Asks: 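Here you go, one structure.
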Amino acid sequence: PPPPPPPPPPTIFFFKQTTAYDLAQCLVVSEMCIRDRTKRYIQSFDEYKDLVFVAVKDDEVLGYACFKPYDKKEKYDSELVSLYLKKEANGKGIGSSLFKEVVKELIAQDRHNMIVWCLTDNQPAINFYEKLGGKCLETKNAKIGEEVYLEYGFYFDLDQLNSSYGLEKQKRNTKDN
């Protein structure tokens with residue numbers, strides 16, 4: 001018999017820009033040690049608060065995606081800084097939906113490409129970004145705590161994703177426009 005069809009995309013989740021209330025739940029989603037990293041996250045919250053989308057079901061944060069538009073003169077004019085899901089949310093289309101919401105927002109901000117940095121030993125994330133169409137174009141060293149790790153840079157052409165997703169570009173008022 002043929003394999004069962006993939007699960008339908010989630011329809012009971014909604015995506016929103018993050019609030020201070022969501023911050024603690026986002027830390028749990030990324031499985032970070034709250035005591036050690038909360039201070040750093042709170043300090044950076046003002047910088048990223050309008051650049052985080054969260055997937056929420058019944059007031060529970062299941063995942064989040066943090067992104068950052070850059071000056072258009074940079075090599076990449078945007079970055080998906082992080083995308084994390086709770087383990088029980090994996091395989092349900094939530095990560096793909098968060099990714100698509102970020103793409104929609106960056107397109108609305110007139111961005112044309114995006115880089116995603118991923119640790120080279122994170123095979124599930126590598127598979128995820130390749131499945132979404134990312135092309136591994138470069139590597140870099142990243143210092144996390146006292147350790148140095150190698151990361152892959154996955155490139156995404158937002159104009160191409162716009163066409164494949166059938167998104168309608170809606171211009172927003174942003175600082176760079």
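Note that the numbering runs from 1 along the sequence shown for the chain. Note that this is a predicted model, so its numbers are computed, not measured.
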Asks: If you compare all heavy atoms of V81 against all heavy atoms of K68, which two are closest, and at what distance to 0.1 Å?
Replies: CG2-CB, 4.0 Å

Asks: Take L158 and V103, measure what side-chain contact (heavy atoms from CB on, under 4.5 Å) needs, and give me the verdict at the end.
Replies: CA-CA 7 Å; L158 298 181; V103 168; 4.1 Å; yes

Asks: For atom NZ of K131, decide whether the heavy atoms of other residues, nucleotides or ligands shown that lie under 6.0 angstrom number more than 12.
Replies: no

Asks: Mind checking who shares a hydrophobic cluster with I115, ILVMFWY linked at side-chain heavy-atom distances under 4.5 Å?
Replies: Y76, W117, L137, Y155

Asks: How about F53 and F99: are their ring centroids closer than 6.0 Å?
Replies: no

Asks: Checking K75 against E138 for the salt bridge (charged side-chain N to carboxylate O under 4.0 Å, His left out) test, could you report, in this order, the C-alpha distance in whole Å, the side-chain angles of both residues, the deciding distance, and whether it holds?
Replies: CA-CA 12 Å; K75 183 176 183 179; E138 57 185 287; 3.1 Å; yes

Asks: Over all heavy atoms of both residues, which pair between S96 and L132 is shortest? Give the atoms and the distance, please.
Replies: OG-CD2, 4.1 Å

Asks: More than 12 heavy atoms of other residues, nucleotides or ligands under 6.0 Å from OH of Y152: is that the case?
Replies: no

Asks: Any side-chain donor paired with an acceptor under 3.5 Å for D159 and H112?
Replies: yes

Asks: Looking at the rings of Y84 and Y64, which for Trp means the six-membered one, are their centres under 6.0 Å apart?
Replies: yes

Asks: Counting only heavy atoms not in Q160, do more than 12 fall under 6.0 Å of its CD?
Replies: no

Asks: Could you go through the salt bridge (charged side-chain N to carboxylate O under 4.0 Å, His left out) check for E130 and K135 one step at a time?
Replies: CA-CA 7 Å; E130 286 177 338; K135 308 275 187 271; over 6 Å; no

